[in-house]
Structure formats: C-alpha cells, structure tokens
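The chains referred to below are lettered A, B, ... by the order of the sequence lines, with proteins before strands, and numbering in each begins at 1. Side-chain atoms are counted along with the backbone in the values below, which use heavy atoms only and exclude waters and symmetry mates.
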Protein chains: 2
Amino acid sequence: VISVSVVGSKLASPTDSVEIGHTRVRVYRLENFQDDRGGLAIIDFLTFKPFIPQRIFYSFNVPKDQSRGQHAHKTCHQFLVALGGSCSVELSNVRETHQIQLDSELYGISVPPMVWTSQRDYSKNAILLVLASEPYREDDYIRDHDEYLSTMKGRS
Amino acid sequence: VISVSVVGSKLASPTDSVEIGHTRVRVYRLENFQDDRGGLAIIDFLTFKPFIPQRIFYSFNVPKDQSRGQHAHKTCHQFLVALGGSCSVELSNVRETHQIQLDSELYGISVPPMVWTSQRDYSKNAILLVLASEPYREDDYIRDHDEYLSTMKGRS
C-alpha cells in the first residue's frame, strides 16, 4: 500500500500519477480562483482533459465506519473530487493497491476503467463528487471481486 | 421578497417553480439513494431535463458575510445545488425579487438566462455546485446592474 495525499505532496500537480498495473491514475489541479469571497473551482468540459462527462453524482452523509464503491467499471472513466472534507480512495488491480487521500476541493483524480475502487474514512461533511464518462448502465459495473480478478487475469 | 425553502415546503417537488417576470425558476428533486452508507444523488445528462451541462463549478469556504454572483447571464442556463450546508439564492428581474433557501443535496433549482442572481448566507461547510449549459464566455455575463435593467426594459 502506497499512501499519497493530493495536497501538501510533490504528487499534487497536473502531471502526477500513480500506475496501477498498466493503467495510470492521474492527479489534476483544477482551475480555481480564491479571494475574500471564498474559493471557486471550475471544470469546463470543453477543455477537461480526461473525458467529456456524461453524468455526475455525489455521495454525502457517509458514516465514518462505512465504505462505498467496491466495484470496477468495464468502460466508464471517472473523475473524483472531495468537497468539504476528506475521504480515502483505495485503488487496486490484481497485484497492487494504492491509497489516495482526497482532501482538497482543488484536486481530482482521474480513474480509468477496470480499476477496483472503494472509498472510506469520509470526514464529517465530506462529499465525494464523481464525474463519469458514460450514462449509467448496470452492465458496466463489475461488483463481484472474484469476477473482477478473473476478468483481469484473462486480459494479462 | 418571497421566501421559500426547497425542503420541508410544498414547493419541493419536480414541478414546483417561482415565476420571475416571464421566466420560470424550477425546483428539481434529484434521483437519489439513501442507505446505511449515506446518500447518493445523481444527475445523468441523458435524462437531465433543464439542459445538457457543458461546465460545472462550485464555490466553497465562502464567509458568512460575503455574497457571490451578482450578475445575469445573457444565454447561459444554470442549475444550482447546495452541498454540505445551506445558502440563500436571490433571484430578481426589474420588478420582483425572490429568495430561495437551498438546504439539501437532493434538490436543485434551474435558473434561466437573464435572471439577476446572487448567493449569500453560506453556512459553514456549504458548497454551491453549479451546472452550466455553456462553456465560459465572459461576454455572456452582465455584471453591471444598470446595464441589466436597461437590457430588460428594452425587451419588455
């Protein structure tokens, strides 16, 4: 397990990434403005590099001892930002696991398909905003870990 | 000034709205799931009625005594949701002003173009998520209230 924080870390730049198997999870710093009125962060789909979002969703009021996710997507690409608090994102494939602590509204991580992902340790008030490259399709989800492992082994 | 809350109010259903001049600001209840792991709210652009989002942004860490917005959009349509707290949205045209208290992750308001809009009274941890129908163009903004009033009077 490698632990990185997207804030206060050398990893927090638009080109930073962790490699999981043959896929790369990238950290992006969002366009933002800060002044006396607070902060404003922007994702303009015209210039957003990872993909053109087709769907957004957000999880909230997640109890500290609960975890969410625990699935992989066959083709859907996702972008995760923690708002108003922090949560820990666990990303894994067959061989390795990475933990990324999301703790800033200014940074997001771009997670390619076929990465087994879960989120835990939501702080009070934390909201995890997710942008997705596809509309919802249940058959894009792999929710069974054994099925995930066998699919990945079949590909390598 | 009419004060409505999108929660705990008869106005909180997908068909509720306030009329401002000849434009209608609608309240939408978002698709959502609630269980032991917390809440999940979803906006799937394929079925999202107001418009297809081209851009999102969010304001955060806004001091209680500050206000944001104070402009109108010539053609951009916006959808506002308060996450993690509450804020008050003031919507006005030449003749009337409405206050809408956003205080739930499950409801958003759809604001058509040419409504003068500002936000204030952000609670601690409140984040205002905005979906916009267009990429950013500075010339879509009317930031001068006198210019807004004269444009509106020229139309009526």
Side-chain angles (χ1 to χ4, degrees), chain A residues 30-48 52-70 76 79 81-87 104-106 108 118-120 122-137, chain B residues 30-48 52-70 76 79 81-87 104-106 108 118-120 122-137:
Chain A
L30 301 175
E31 182 187 2
N32 70 91
F33 299 94
Q34 310 279 337
D35 61 28
D36 291 347
R37 301 170 306 147
L40 179 73
I42 300 147
I43 300 174
D44 208 323
F45 301 168
L46 203 63
T47 52
F48 185 62
I52 296 173
Q54 301 287 322
R55 174 175 52 130
I56 66 170
F57 54 89
Y58 45 87
S59 47
F60 54 97
N61 293 343
V62 181
K64 183 81 179 169
D65 61 352
Q66 291 283 351
S67 68
R68 301 192 63 100
Q70 292 160 318
C76 187
F79 186 82
V81 194
L83 308 179
S86 62
C87 74
S104 166
E105 291 86 355
L106 304 183
S118 60
Q119 302 94 39
R120 72 188 75 231
Y122 278 71
S123 69
K124 196 172 179 314
N125 297 309
I127 292 153
L128 184 68
L129 174 66
V130 179
L131 282 62
S133 68
E134 298 180 9
Y136 173 79
R137 276 187 306 112
Chain B
L30 300 175
E31 181 186 3
N32 70 91
F33 299 94
Q34 309 279 337
D35 61 25
D36 292 347
R37 301 169 306 147
L40 179 73
I42 301 147
I43 299 175
D44 208 322
F45 302 167
L46 204 61
T47 53
F48 184 60
I52 297 172
Q54 301 287 322
R55 174 175 53 132
I56 66 171
F57 53 90
Y58 45 86
S59 47
F60 55 96
N61 293 344
V62 181
K64 185 81 179 167
D65 62 351
Q66 290 283 350
S67 69
R68 302 191 63 100
Q70 293 160 317
C76 187
F79 186 83
V81 194
L83 308 179
S86 63
C87 74
S104 166
E105 291 86 356
L106 304 183
S118 59
Q119 303 94 37
R120 72 187 74 232
Y122 279 70
S123 70
K124 196 172 179 315
N125 296 310
I127 292 152
L128 185 67
L129 174 66
V130 179
L131 281 64
S133 67
E134 299 179 6
Y136 173 78
R137 277 186 305 113

Please lay out, stage by stage, how Asn32(B) and Phe60(A) fare under the test side chain to side chain contact (heavy atoms under 4.5 Å, CB included). CA-CA 11 Å; Asn32(B) 70 91; Phe60(A) 54 97; 5.6 Å; no

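- For Thr47(A), the side-chain contact (heavy atoms from CB on, under 4.5 Å) test picks out Asp44(A), with sequence neighbours left out.
- Looking at Tyr58(B), its side chain does come within 3.5 Å of a backbone N or O of Glu105(A) through a donor-acceptor pair.
- Residues passing the salt bridge (charged side-chain N to carboxylate O under 4.0 Å, His left out) test with Arg120(A) are Glu90(A), sequence neighbours excluded.
- Within the structure, the salt bridge (charged side-chain N to carboxylate O under 4.0 Å, His left out) test picks out the following pairs touching residues 31-42 of chain A (sequence neighbours left out): Asp35(A)-Arg37(A).
- For the set Ile42(B), Leu30(B), Ile43(B), the entry with the most heavy-atom pairs within less than 4.5 Å of chain A is Ile43(B).
- Nearest approach of Gly38(B) to Pro63(A), heavy atoms of both residues: N-CD, 4.0 Å.
- Among Phe33(A), Phe57(A), Phe45(A), the residue with the largest count of heavy-atom pairs under 4.5 Å with chain B is Phe45(A).
- When the heavy atoms of residues 126-134 of chain A are compared with those of chain B, the residues falling under 4.5 Å are Ile127(A), Leu129(A), Leu131(A), listed by number.
- Note on Leu83(B), Val62(B), Ile56(B), Asn61(B): by heavy-atom pairs under 4.5 Å with chain A, the leading option is Ile56(B).
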